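Chain letters run A, B, ... following the sequence lines, proteins first, then strands; residues in each count from 1. Small disclaimer: the values here were computed from a predicted structure and weren't measured.
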Amino acid sequence: TLATPAEKITIRVALLPILDGLPIVVAQQEGLFKKYNVQVELIPVGSAPERDQLIAAGQADAMINELTSVMFLNKETPQVQAVRFARTATTDQALFRILAAKGAGIQGVSDLKGIAVGVSQATVIEYLTQRLLEQQGFQAGEIQMVSVPKIPDRMALLASGELKAAMLPEPFSTLAEQQGAIPILDDTVAPEYSFSLISFRKAVIDQHPQVVKGFLAAVEEATQRINADPQKYSTLMVDQKMVPAPLAESFRVPTYPLKGVPTADQFADALAWAQSKGYLKVDLVYSDCVNPNLLP
Amino acid sequence: MSRRNLLLAGLALLLFWQGIAMIIRQPILPPPSRVGVVLWEEITRGALGVHFLASLWRVVASTLLAILTAAPAGLVLGQSKRLNALFSPLIYLLYPIPKVVFVPVVLLFLGIGDLSKITVIFLILFFQILVLVRDQAMGLRPELVLSVRSLGAGRLALFRFVYLPASLPAVLTALRQSIGTAVAVLYVAELFATQKGLGYYIYLNGSALFNYPAMYAGVVAMSLLGLGLYFLVDGLEKRWCRWQIVS
Amino acid sequence: MSRRNLLLAGLALLLFWQGIAMIIRQPILPPPSRVGVVLWEEITRGALGVHFLASLWRVVASTLLAILTAAPAGLVLGQSKRLNALFSPLIYLLYPIPKVVFVPVVLLFLGIGDLSKITVIFLILFFQILVLVRDQAMGLRPELVLSVRSLGAGRLALFRFVYLPASLPAVLTALRQSIGTAVAVLYVAELFATQKGLGYYIYLNGSALFNYPAMYAGVVAMSLLGLGLYFLVDGLEKRWCRWQIVS
Amino acid sequence: MIEVEGITFAYTPGKPIFEDFTWTAGRNEAWVILGPSGCGKSTLLSLLAGLVRPQRGVIRVDGQLLTRPRPQTGLIIQDYGLLPWATVRENVRLGLRIRNFYGADGIHAPRDYQPTLEVEPWLERLGLLSVAEHFPGQISGGQRQRTAIARTLVLNPDILLMDEPFASLDAPTRDSLQRLVLDLWVERGLTLIIVTHVIEEAALLGQKILLLGHPPNQTAHVIENPDFLHPEYRDSPAYRDLCRELRSRLEAL
Amino acid sequence: MIEVEGITFAYTPGKPIFEDFTWTAGRNEAWVILGPSGCGKSTLLSLLAGLVRPQRGVIRVDGQLLTRPRPQTGLIIQDYGLLPWATVRENVRLGLRIRNFYGADGIHAPRDYQPTLEVEPWLERLGLLSVAEHFPGQISGGQRQRTAIARTLVLNPDILLMDEPFASLDAPTRDSLQRLVLDLWVERGLTLIIVTHVIEEAALLGQKILLLGHPPNQTAHVIENPDFLHPEYRDSPAYRDLCRELRSRLEAL
Ligand SMILES: Nc1ncnc2c1ncn2[C@@H]1O[C@H](COP(=O)(O)OP(=O)(O)OP(=O)(O)O)[C@@H](O)[C@H]1O
Ligand SMILES: Nc1ncnc2c1ncn2[C@@H]1O[C@H](COP(=O)(O)OP(=O)(O)OP(=O)(O)O)[C@@H](O)[C@H]1O
Ligand SMILES: [Mg+2]
Ligand SMILES: [Mg+2]
């Protein structure tokens, strides 16, 4: 169904240079947004804090983020809503990976017991590390983490052996592996915990639901185009600076998820984790944080 | 700095803050009253005190380190036209480089402990102090130097009896600037491999948890940390630079 | 600053860099030769020139803005004990706050354009300059002030004919510090809503693309940007502070 | 007319330099202030110039209460107070630039002031032309002193307060400047107040001599010297007697 | 013994203050340097003190080439050069502290130097005890000058170079300090070189008088004054004649 928005507004998307954004970029470049009658402006941002600052200041309307981030933003009043998956892990495609430093003597998962894993605290990275290790039978005291929020710092520490292990997102985990780190565990073993989201400010959804629908319809079509012929988009992926330079040649365009949103169970699990960590002291309602009604 | 003025300044700031908060009415700038409540809770029940102490130690250590190395270096450069001509291109090349990009390299050499955090702050402060003290020492009245040389002073004694005391006010200024900068830089330096410190606290609450009242509580704590150190410097000035105050 | 010394400093830095690079042998610190090649490519074929110009404009604008507001304010505070007593608590409370936390508020008011980036840099420079110029103005020899007052000078004329020229060296020092800081701060200010600027370039290549040679090419460009501006300040000093150089 | 009425002034509480001190100088009189080092001569000039205020008592100039520097009062301070960043010419121009800056407002510049920056005649008269482009750090002690004198004289003051203005000048220059000041005094009806240490100078320049003693100064000791302008005064017995008297009174302090 | 051999010195190229200038002062002589303002007197003292180096020619002290300040030479510069951040007592102690700092190394302090910080006798002798805790910004011009004198005298120099050391002192203080310096000269076999502007002072203090003229100075004009120490010299016709001669020679320059 073609959406026909009531008024013309420009959706401003704060976009990090990460793989998850490829469908949006494709939709923009191939005129899909125009086709669905939405105007989109892509605002480049350097890092997650800057992205969140733009959203908080109302200077951007949409972004790619994670469920924990959505929950924290909505802790008092609903501010943003997740409207669609951006990327998901599957049983054969990892989003995140725990790697061990070269020479740290870690061969398998069981060696991670009691080892401090470098993570970015209070993000999906910490959540996923915890859940993956629990799933591997780790007891509470055996899971250790140390906070190193910036990916380059984590990579450097891993490379130097300062950190014995670290959780890294793709494609950086591939890069670390190329540089000698040893992959230990990834989210293909439990893909249900691992996904990123397209989120909108709630105000935009409330005022212009049709526009958002149009936006998601365009993304859907872009996703289909990518999945149909991934290699066609590999130059775009490199041009858009979505993969580290050393991987520019070898990295493959991943498969992107079709329309969908996190389930109430996935939401409840993440919420339980955030509460258990003390990051959230309130209860949140699924429908405040996830809005499944805008999908095409 | 009288208590009354301090109170006044605090009040004015709070009013201003309240005003802005009322204008924008957004969670990213909670009103001071809410922040006050959270601040109190975080101090009494939370761990803000621990964060505060961790940061205090890092700021003091790095500032001392920077002053103790950069001030003498600045004095030496300010004293010797030749050395200054030799080193100033180096300074001018290094100063504008954002030291943050060296964090990974520093981590490589110094590990993830406190030392690397202190080093990062130190690197940022060093050049700032160096340039200030050097410029100040260069501006010394030449007749002072001549008269003391005529009393038998060589380079070392000139350094000790003229350049050093003459630069004390500049060093104190540098100290003031450094405190401001060092505290602000915590926000960068306390991001890696630590769970203590106001920088960490602000980042976690502001950028990961979006708990803005708690973040601002951290900001207020930082401001107070700086203020306390400023009091110290003003005390030192009263002691060391009596001549500037009296005359 | 002679050409020879500049060359020497450059060479020494390159040697040092090469040494460290050879010791750690890690991609995060490529040797200067590789960076040199990339630098050349990025200038001639890439867009490094555009990034450079964007950053230059932001640095110059924010530094000028900061100098033009903070230096007079510092002079006024340095001149008046009363005003200083009133305002210094405010300064001491505000200076240590990392201005980065105000980015959202700045964005709210000024939008995502260049103005907000310039404002962030400006906020960071302002206090640094203020404290320096104020301290310098406070240290003025009282007999100078007396003698000029006896020529009929009131507050304004004292400001114009004594405090202003007396603080010029301090202002130039402040300018030097500001350039260093401003360029370094680009790294923070150019991270949002822009695809131009050396800060963005370094971040992108260092933190997203892991293209370390390109990142260091950006760092070198920053260093050169700072260096160029320093040359300018030294030129100004030669013009404005002839008395300090001659005597 | 300068009236000092019962002033008390102390830098540090408890040790007043002047205590209930009263003294009057008439219009167009030439005074010399004499006294041991540290007795308060420079302090008195600062008080008369309006740069410091007495803790008690008042000072009136031409009947008006003195609360801030008068534009028509010229002061030459003991260590010159030249701006180190300005050349000799710029230093001499400084007072004029300040007046031009404010305009003839009667507070900072006399009401009848005509804006000008003309200082060459004074530079020439004081032998400063050859160093006009030098900075204070580059000239000799005597040249500095002459710069300070020129800076004040260009302003055409009606009261001239001079703190040891000739101390660093060689004898011929000193003589000629003394003559210059006395000429101005006669021509323009100046009120002249000069601090000096040289007894002979005091006798030659002072129509009246104010003798200060060790602080606190409570009374003004005044010595009259009516013949001081007489052409042959320097060789007269009256001059020698006065010098001797001054010397012995100073030694007795 | 000070030998100045054919020196040339200029601050700015092309305008030398001294040009091929030769002059010798014997050990234990008392010299006065006299000359118009800006003629190079202070410059000559700086040269003799080893603070500046001539562009051509050499200066020898006791046969040794002068390349840096000698520890046994005392210099009092024209504007005192007191440290503004040190009290009067600390300023007077400064030279001693510098010597203690280096120890008796023969370069910065004489080989026979005994570490001490004792300055009270000098403070008392120069009447500075009451302001010993003041900073230079808080004392009178004469007190500053006496501080500078004390600072040099505590070091027990064998050559004493003084640039208008008594210019800001009242007559009795000046007399007593002149006497003090002459006493030291007699007792300790000092070599004394004093710059002054006061012709009478030159006649009373100078065993020999060096007359400098407008730069460039090429020859040393020396006037002998052998009787200067005679008790009744001040009232003798020889004194008056010398003063008259000096005056006329200065005026002729
Ligand atoms: N740093 C300097 N740079 C350039 N010229 C200088 C400098 N210092 C002094 N002069 C010039 O050198 C000449 C000699 O100066 P000097 O101070 O030796 O004179 P002086 O004989 O001591 O005079 P006075 O009796 O006035 O103190 C003067 O004409 C002065 O202008
Ligand atoms: N700022 C100050 N603070 C405290 N005491 C001061 C200050 N200035 C001057 N004095 C003291 O006040 C007294 C008078 O000083 P003043 O300068 O008036 O003396 P003077 O008569 O001019 O002496 P001289 O002939 O030595 O110049 C001195 O004893 C001095 O120590
Ligand atoms: Mg005086
Ligand atoms: Mg001289």
Side-chain angles (χ1 to χ4, degrees), chain B residues 67 71-72 74-76 78-82 132-133 135-176 233-247, chain E residues 42 45-46 48-52 68-88 90-110 113 133-139 147-148 151-152 154-155 157 159-163:
Chain B
I67 281 278
L75 280 176
V76 169
Q79 211 181 134
S80 157
K81 278 216 164 80
R82 240 191 42 242
L132 173 56
V133 174
D135 283 11
Q136 184 74 14
M138 280 203 293
L140 203 64
R141 276 161 56 213
E143 64 260 36
L144 264 192
V145 177
L146 283 187
S147 84
V148 178
R149 276 186 58 207
S150 83
L151 292 174
R155 270 196 182 283
L156 264 177
L158 269 182
F159 191 92
R160 163 72 189 77
F161 294 107
V162 183
Y163 284 96
L164 189 68
S167 305
L168 260 188
V171 170
L172 289 175
T173 301
L175 209 55
R176 285 203 190 87
V233 175
D234 278 4
L236 288 182
E237 178 155 56
K238 285 225 176 67
R239 253 183 104 146
W240 287 345
C241 298
R242 211 156 41 92
W243 60 284
Q244 278 211 327
I245 294 158
V246 185
S247 59
Chain E
S42 302
L45 286 199
S46 297
L48 296 179
L51 291 177
V52 292
R68 41 164 295 132
R70 269 175 89 241
Q72 303 93 329
T73 299
L75 170 69
I76 297 166
I77 66 172
Q78 201 163 2
D79 43 14
Y80 322 143
L82 301 179
L83 303 180
W85 53 82
T87 61
V88 167
E90 287 161 6
N91 262 297
V92 174
R93 266 192 193 144
L94 180 62
L96 295 175
R97 293 186 63 196
I98 291 173
R99 291 194 171 175
N100 295 353
F101 179 81
Y102 286 110
D105 61 358
I107 304 172
H108 305 93
Y113 172 69
E133 297 307 323
H134 285 217
F135 292 100
Q138 300 177 293
I139 58 179
T147 307
R151 181 168 82 166
T152 303
V154 290
L155 291 182
I159 298 178
L160 194 52
L161 310 172
M162 307 172 100
D163 203 346

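- With a 4.5 angstrom heavy-atom cutoff, E:Leu155 touches chain B only via side-chain atoms.
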Residue pair B:Arg160, E:Arg97: steps toward the side-chain contact (heavy atoms from CB on, under 4.5 Å) verdict: CA-CA 10 Å; B:Arg160 163 72 189 77; E:Arg97 293 186 63 196; 3.0 Å; yes

B:Leu146/E:Val52 under side-chain contact (heavy atoms from CB on, under 4.5 Å): CA gap, chis, key distance, verdict: CA-CA 9 Å; B:Leu146 283 187; E:Val52 292; 5.6 Å; no

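- A distance of 5.5 Å separates CG in B:Leu144 from CH2 in E:Trp85, rounded to the nearest 0.5 Å.
- Residue B:Ser150 holds its OG atom at 10.5 Å from CG of E:Leu45, rounded to the nearest 0.5 Å.
- Chain B forms the most heavy-atom pairs under 4.5 Å with one residue out of E:Leu51, E:Leu94, E:Leu75, and that residue is E:Leu51.
- With a 4.5 Å cut-off on non-hydrogen atoms, B:Leu168 does not touch chain E at all.
- Remark: side-chain polar atoms of E:Tyr102 are not paired, donor with acceptor, to backbone N or O of B:Gly152 under 3.5 angstrom.
- Atom OG in E:Ser46 sits 11.0 Å away from atom CD in B:Glu143 (nearest 0.5 Å).
- Residue contact with chain B, scored on non-hydrogen atoms closer than 4.5 Å, is absent for E:Leu161.
- Here the CG-OG distance, from E:Asp79 to B:Ser147, works out to 8.5 Å after rounding to the nearest 0.5 Å.
- Contact annotation for E:Ile77: only side-chain heavy atoms (C-beta onward) come within less than 4.5 Å of a heavy atom of chain B.
- When all heavy atoms of B:Ala157 and E:Ile98 are compared, the pair lying nearest together is CB-CG2, 3.9 Å.
- Residue contact with chain E, scored on non-hydrogen atoms closer than 4.5 Å, is absent for B:Val145.
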